[in-house]
Amino acid sequence: MPVLLALAAVALIAADTVIPLDPLRAFGSAVYGGLEDAASSSVRWASGAGRLEDLERENTRLRAELLAARRATPPPAEGNGYQVVSAHAVGFGRDGTVTIDAGADAGVTPDMTVFDADGLVGRVLRTGPGTATVQLATASGASVGARLEGSREVGLVTGVPEHGLLRLGLLNPSADVKPGDRVVTLGSRDLRPFVPDVPIGTVVTVEPAADALTRTALVRPFARFTALENVTVVLGPLPDAPAVTDTSTKEPEKKSEKTNKSKKLKKKKKAKKKDTSRHAEGAR
């Protein structure tokens with residue numbers, strides 16, 4: 001039996017290396033994700049989904065506006081806010097992931113920021129047609145660029161799944177950090193995988209410095225990862241608003257044209273008067 005298990009493991013590793021498994025993952029996401037979505041939708045329908053979905057969409061819009069308003073870094077060149085989509089947590093995995101009922105059909109792609117009303121949830125790991133897998137910020141392999149909200153000191157947040165906490169490693173070994181300090185996301189290029197200034201959590205304890213290179217602290221996340229329900233996915237920046245044609249400059253132009261014409265007419269009249277006066281003098 002151990003030999004058979006070892007051979008099976010080797011065969012699976014070889015298949016994963018040689019044969020692309022993305023189609024199989026997409027098929028599994030479409031099947032099992034659809035079942036999870038159907039079960040979640042039936043529960044929401046029983047509790048009055050129409051009014052509930054309207055409120056969820058409104059909450060999603062307000063979250064996006066609030067997140068864009070509290071952003072301390074300059075807005076992206078493409079727009080001033082965020083384009084978002086609301087989703088529900090419909091499944092939880094033991095590997096620090098959660099399944100949401102919004103996928104590629106809703107514009108969700110890997111490496112997008114996911115947050116809820118409390119704070120950062122994680123990033124999109126992979127997507128299917130109608131669902132997506134989100135890696136939680138507390139997962140063992142997760143890492144998030146972060147900074148202290150007050151001093152703006154930069155660091156890296158990693159997951160501590162055994163305690164449901166996060167570990168913040170600051171680049172400045174002498175950075176002033178204390179319990180109660182708020183930690184937010186640093187932000188990524190092109191807003192992926194993380195948009196800036198999303199609340200992550202608060203510092204609960206500062207760990208003794210093991211070396212003189214970094215300063216570490218434990219952070220309690222704002223989001224309740226064991227009780228996730230409604231989440232928001234940031235699709236990207238809002239497109240530019242259509243340019244408004246300014247008609248205020250047209251009237252002065254018309255006025256100037258009219259004044260130029262009147263001036264020309266006056267000059268012509270003066271020239272005619274001079275010519276007639278000259279003719280009259282010649283006749284005399």
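- Taking both residues in full, the closest heavy atoms of G145 and L156 are given as N-CD1, 3.9 Å, listed atom of the first, atom of the second, then distance.
- Side chains of T109 and R192 form a contact here, defined as non-hydrogen atoms less than 4.5 Å apart.
- Clustering ILVMFWY residues whenever any of their side-chain heavy atoms sit less than 4.5 angstrom apart, transitively, puts L168 in a cluster other than the one holding V160.
- Under the side chain to side chain contact (heavy atoms under 4.5 Å, CB included) test applied with L218, the options V204, V203, V206 reduce to a single match, V204.
- Counting only heavy atoms from C-beta outward, the side chains of T97 and V134 never approach each other to under 4.5 Å.
- Here the OG1-NE2 distance, from T131 to H88, works out to 14.5 Å after rounding to the nearest 0.5 Å.
- In this structure, E207 does not pair ionically with R215, as no charged nitrogen and carboxylate oxygen lie closer than 4.0 Å.
- Contact annotation: the side chain of L7 never approaches that of L5 to less than 4.5 Å [non-hydrogen atoms, C-beta and beyond].
- Under a 4.0 Å N-O distance rule, the pair D111/R123 qualifies as a salt bridge.
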Check: residues 173-180 side-chain donor-acceptor pairs under 3.5 Å, at least two apart:
residue : atom : partner : partner atom : Å
S174    : OG   : N172    : OD1          : 3.0
K178    : NZ   : D181    : OD1          : 3.3

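- Side-chain contact between L235 and V108 is present, with at least one heavy-atom pair separated by less than 4.5 Å.
- Between L170 and L148 the shortest side-chain heavy-atom distance falls below 4.5 Å.
- Between I200 and V144 there is a side-chain heavy-atom pair separated by less than 4.5 Å.
- Between A87 and A102, the closest heavy-atom pair is CB-CB, 3.8 Å.
- Scanning all heavy atoms of the two residues, the minimum distance from A223 to L120 falls at CB-O, 3.4 Å.
- Closest non-hydrogen pair, G96 versus A139, comes out as O-CB, 3.7 Å.
- For the pair L136/V98, a side-chain contact is recorded, criterion being any heavy-atom separation below 4.5 Å from C-beta on.
- Rounding to the nearest 0.5 Å gives a distance of 11.5 Å between CZ of R220 and NE2 of H163.
- When atom types are taken as modelled, the side chain of T185 and the backbone of V195 share a donor-acceptor pair closer than 3.5 angstrom.
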Handout entry: Full working for side-chain contact (heavy atoms from CB on, under 4.5 Å) between T226 and F92
Key = CA-CA 9 Å; T226 57; F92 293 84; over 6 Å; no
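- Looking only at side-chain heavy atoms (C-beta outward), T138 and L165 stay at 4.5 Å or farther from each other.
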Handout entry: Working for side-chain contact (heavy atoms from CB on, under 4.5 Å), residues L166 and T158
Key = CA-CA 6 Å; L166 302 167; T158 55; over 6 Å; no
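- Interatomic distance, CD of Q83 versus CG of L191, reported as 12.0 Å (0.5 Å rounding).
- S188 places a side-chain N or O within donor-acceptor distance of the main-chain N or O of F194, the cut-off being under 3.5 Å.
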Practice task
Show your reasoning for whether side-chain contact (heavy atoms from CB on, under 4.5 Å) applies to F222 and T202.
Solution key: CA-CA 7 Å; F222 290 127; T202 55; 3.5 Å; yes
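- From D197, atom CG reaches atom CZ of R182 across 10.5 Å, with rounding to the nearest 0.5 Å.
- Atom CD of residue Q135 and atom CZ of residue R126 lie 9.5 Å apart, to the nearest 0.5 angstrom.
- Between V121 and the choices D116, V233, T113, the side chain to side chain contact (heavy atoms under 4.5 Å, CB included) rule is met once, by D116.
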Practice task
Let me see the working for V90 and I100 under side-chain contact (heavy atoms from CB on, under 4.5 Å), right down to the final yes or no.
Solution key: CA-CA 5 Å; V90 296; I100 60 174; 5.8 Å; no
